[in-house]
Each structure stands twice: as structure tokens, then as C-alpha cells.
Amino acid sequence: MNQRKFNDTFLKACRGEETDHVPLWYMRQAGRSQPEYRKIKEKYSLFEITHQPELCAYVTKLPVDQYNVDAAILYKDIMSPLPAIGVDVEIKSGIGPVIDNPIRSVQDVEKLGEINPEEDVPYVLDTIKLLTQEQLDVPLIGFAGAPFTLASYMIEGGPSKNYNKTKAFMYAEPKAWFALMDKLADMTITYVKSQINAGAKAIQIFDSWVGALNVEDYRYFIKPVMNRIFSSLKEENVPLIMFGVGASHLANEWHDLPLDVVGLDWRLPIAEARQRGITKTVQGNLDPSILLAPWEVIEEKAKAILDQGMQQPGYIFNLGHGVFPEVNPDTLKRLAQFVHDYSSKK
Ligand SMILES: Cc1c2[nH]c(c1CCC(=O)O)Cc1[nH]c(c(CCC(=O)O)c1C)Cc1[nH]c(c(CCC(=O)O)c1C)Cc1[nH]c(c(C)c1CCC(=O)O)C2
């Protein structure tokens with residue numbers, strides 16, 4: 001164990017407690033904006049990195065050391081557990097996850113198996129142990145994809161613009177859909193609990209693409225399964241964070257669920273979320289495109305967001321979505337310093 005003091009600012013903010021400064025981390029902080037990462041990617045694929053705990057821990061910790069962010073997020077992908085239940089997935093560079101045999105029928109759903117993390121993804125658990133027992137002095141965020149977002153890749157066979165096949169399956173075969181949601185929920189619960197047991201201090205559930213649904217369909221097709229997932233994870237007593245893109249219309253639905261932190265993309269101002277009755281901790285929500293603008297613009301926009309977020313305890317600064325590969329690492333470092341300085345209690 002290292003001798004430096006553990007920085008628990010992020011965990012306090014998750015719980016809605018007062019903090020000395022606003023904590024921050026960046027979605028996709030480990031990745032292609034970093035030259036060191038790009039160098040590793042010349043040799044290894046994403047899955048090859050995650051199968052090597054030492055290397056994966058290095059990639060996870062790099063942004064913490066370089067930017068001085070208040071949390072680490074485990075380097076892996078939302079698709080990482082799927083091979084364990086029988087889904088062949090490949091992450092194609094510049095495209096994203098691709099699945100050659102998409103789910104198209106009840107029979108396809110019935111064929112899906114169960115995950116046994118100790119046997120199927122021991123390297124994920126080993127990486128978590130290495131980081132949390134030896135290397136990190138900030139909390140490690142574990143994560144999983146939510147059933148809708150995972151299903152969207154499993155049904156479309158890859159990234160999609162409008163999720164037509166996913167929605168068609170949902171509307172046409174509700175029984176098969178709910179069976180699929182249940183299998184993915186079981187996988188998520190088991191997988192996330194194993195991450196917490198290995199040492200993850202908070203969990204983010206990515207339902208990146210669920211904003212494609214309207215509120216009514218979300219309530220019927222998705223909310224019950226999310227309620228089951230969060231109710232079960234709640235037993236573990238670590239903060240639970242929800243995130244999706246273009247999902248502002250679902251923020252109050254998320255707020256109803258037994259979770260601790262509502263993640264916002266850049267579309268809904270934090271002050272407006274508060275007015276709409278989001279009283280839990282919020283995380284967000286700088287438009288990641290702004291990181292490509294001159295520093296003066298970044299500072300002005302960050303200030304405006306901080307002024308809203310700091311109105312009450314329970315605020316975590318983040319981007320509204322992941323860091324783009326084109327972003328200069330110096331910008332991320334400077335922004336982290338700015339967020340800390342601006343929000344520090346004088
Ligand atoms: C939808 C989704 C995926 N993966 C993820 C989500 C939810 C978050 C979001 O909405 O962005 C989550 C994810 N994927 C990755 C992380 C790791 C750590 C981090 O955030 O720092 C996390 C948290 C690594 C990754 N996952 C992926 C990369 C790029 C791989 C590479 O380096 O070539 C990384 C670092 C690949 C991936 N994986 C996925 C896509 C769409 C892509 C392609 C992205 C692109 O090419 O820009 C699926």
C-alpha cells in the first residue's frame with residue numbers, strides 16, 4: 001500500500017456530502033488522446049490490453065497521474081463480459097464493437113449463457129486488485145453497460161444511428177425482449193458485484209443509447225429491469241452512477257431508481273435539472289467538443305457549469321460524453337487544475 005493519503009473527494013460527492021473542492025474525472029480519460037496509449041495500441045488490441053493486468057493497470061492509472069483527476073475508471077469496454085455468455089464480439093478500430101452473429105430470435109436469446117467472473121474474466125478482477133490494493137490513491141470506478149445499450153449492439157451487429165432493428169425486436173417480440181433484458185441484467189449484477197468484491201469503489205452503468213426511447217417506452221420496456229439491477233447492487237453499499245447520451249428526457253426516470261448519481265450529457269443545464277427535481281448528486285456536463293476550442297472558451301464554459309453545479313453539495317465535474325482522440329492532453333490537465341482551483345474553499 002502506498003503511503004500517500006487516499007483522496008475520497010469523489011466518493012463524498014457521490015454521497016452528497018460537502019467537499020473541499022469539486023471532484024472530477026473524464027469519461028474516456030484513458031484512450032486515444034494520450035500518446036502513451038496510442039503507442040501501446042500499435043502493439044495490442046483493447047482486449048489484449050485488458051487480458052494483461054499489469055499493462056491494463058498502467059493504462060487505467062496513466063490519466064490519474066497525468067491529469068490529477070479524482071477518480072480512475074477501469075480500462076475495458078462495456079462489451080468485455082459478452083464473450084462469457086456466448087457472444088462473439090470484436091472491437092474494430094475507429095468503428096466500435098462488431099458482432100458477426102446478431103440476436104434475431106427467441107432461440108438466439110435462449111442460447112445465451114451465464115457469467116462466472118472468477119473463471120471468465122479473472123484478468124478484470126486481477127487488474128482491480130492490483131490497482132486498489134497497491135497503486136491508486138483515488139477511488140476506482142468499475143462499470144458495466146446497461147441491457148438496452150448492450151442489446152443494441154447484440155441485435156444490430158454493430159454501432160447504429162437509429163436502433164431500428166433493436167426497437168423492431170422490442171416491439172415485435174416483447175417476450176423475447178424481456179427474456180433478453182433479464183439475461184443481461186443477471187450478467188450485469190454478477191459481473192458488477194465481482195468488480196466491487198475485487199475493490200471497485202463506485203459503479204457507473206452506461207446506458208449510452210437508451211435516449212433513443214421515449215419516456216413511455218422507457219417506463220415499460222426498460223425501467224423495471226434497471227430497477228432490478230440497481231436494487232440488487234444497492235446491497236453492496238457503493239455509489240451507483242447512471243449515464244446516457246441524449247437522454248435528458250429520462251433524467252427524472254433515472255432519479256426514481258435506487259441509485260446515487262445522475263449523469264448528464266451536455267444538453268440539459270444542471271440548473272434546469274435541479275429545477276426539474278433532480279436532487280441527487282449530478283455528474284457532468286461539459287460538451288466534449290469544447291475541449292477543441294481555445295482555452296478562454298473552455299474556461300468560460302467550465303466556469304458556467306461549475307457555478308451551477310456548486311449551488312449545492314453533491315456535484316462531480318465531468319464531460320457530457322467521452323474525450324475525443326484529437327484533444328490535447330495538456331488541455332485535460334489544465335482543466336482539472338482549473339476545476340480544483342475554482343471550486344476550492346478559500
Ligand atoms: C457505448 C460504449 C462503448 N464502450 C463504452 C461505452 C459507454 C460509454 C460511451 O457512451 O462512450 C465504455 C468504455 N469503453 C472504454 C472505456 C474505458 C475507460 C475510460 O473511459 O477511460 C469505457 C468506460 C474503452 C474503449 N472502448 C473503445 C475504445 C477505442 C479503442 C481504441 O483505442 O482503438 C476505448 C479506449 C472502443 C469502443 N467501444 C464502444 C464504442 C462505441 C467504441 C468505439 C469508440 C471510438 O472508436 O471512438 C462501446
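In what follows, every heavy atom counts, from backbone to side chain, and hydrogens, waters and symmetry copies are set aside. In each ligand, atom 1 is the first atom listed, and ligand 1 is the first ligand listed.
- Cation-pi geometry between K76 and F143 is met: the NZ or CZ atom falls under 6.0 Å from the ring centre, inside 45° of the normal.
- Considering only residues two or more places apart in sequence or on other chains, Q66 meets the side chain to side chain donor-acceptor pair (under 3.5 Å) condition with Q34, E36.
- Under 3.5 Å, the side chains of E299 and W295 contain a donor-acceptor pair of N or O atoms.
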Tabulation required: pairs of a nitrogen or oxygen in ligand 1 and a protein nitrogen or oxygen under 3.5 Å; columns are atom names and distance to 0.1 Å; otherwise 'none'.
{"residue": "ligand 1", "atom": "4 (N)", "partner": "R28", "partner atom": "NH2", "Å": "3.2"}
{"residue": "ligand 1", "atom": "4 (N)", "partner": "D77", "partner atom": "OD1", "Å": "2.8"}
{"residue": "ligand 1", "atom": "10 (O)", "partner": "S208", "partner atom": "OG", "Å": "2.5"}
{"residue": "ligand 1", "atom": "10 (O)", "partner": "H321", "partner atom": "NE2", "Å": "2.7"}
{"residue": "ligand 1", "atom": "11 (O)", "partner": "R28", "partner atom": "NH2", "Å": "3.4"}
{"residue": "ligand 1", "atom": "11 (O)", "partner": "H321", "partner atom": "NE2", "Å": "2.9"}
{"residue": "ligand 1", "atom": "14 (N)", "partner": "R28", "partner atom": "NE", "Å": "3.4"}
{"residue": "ligand 1", "atom": "14 (N)", "partner": "D77", "partner atom": "OD1", "Å": "3.0"}
{"residue": "ligand 1", "atom": "20 (O)", "partner": "R28", "partner atom": "N", "Å": "2.8"}
{"residue": "ligand 1", "atom": "21 (O)", "partner": "Q29", "partner atom": "N", "Å": "3.0"}
{"residue": "ligand 1", "atom": "21 (O)", "partner": "A30", "partner atom": "N", "Å": "2.9"}
{"residue": "ligand 1", "atom": "26 (N)", "partner": "D77", "partner atom": "OD1", "Å": "2.8"}
{"residue": "ligand 1", "atom": "32 (O)", "partner": "Y37", "partner atom": "OH", "Å": "2.7"}
{"residue": "ligand 1", "atom": "32 (O)", "partner": "K41", "partner atom": "NZ", "Å": "3.0"}
{"residue": "ligand 1", "atom": "33 (O)", "partner": "K41", "partner atom": "NZ", "Å": "2.6"}
{"residue": "ligand 1", "atom": "38 (N)", "partner": "D77", "partner atom": "OD1", "Å": "2.7"}
{"residue": "ligand 1", "atom": "46 (O)", "partner": "R32", "partner atom": "NH1", "Å": "3.4"}
{"residue": "ligand 1", "atom": "46 (O)", "partner": "R32", "partner atom": "NH2", "Å": "3.0"}
{"residue": "ligand 1", "atom": "47 (O)", "partner": "R32", "partner atom": "NH2", "Å": "2.5"}

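- Residues W209 and Y153 have side chains that bring a donor and an acceptor to within less than 3.5 angstrom of each other.
- A side-chain N or O of Y75 and one of Y37 form a donor-acceptor pair less than 3.5 Å apart.
- More than 12 heavy atoms of other residues, nucleotides or ligands lie within 6.0 Å of CG in N328, so this atom counts as buried by the packing criterion.
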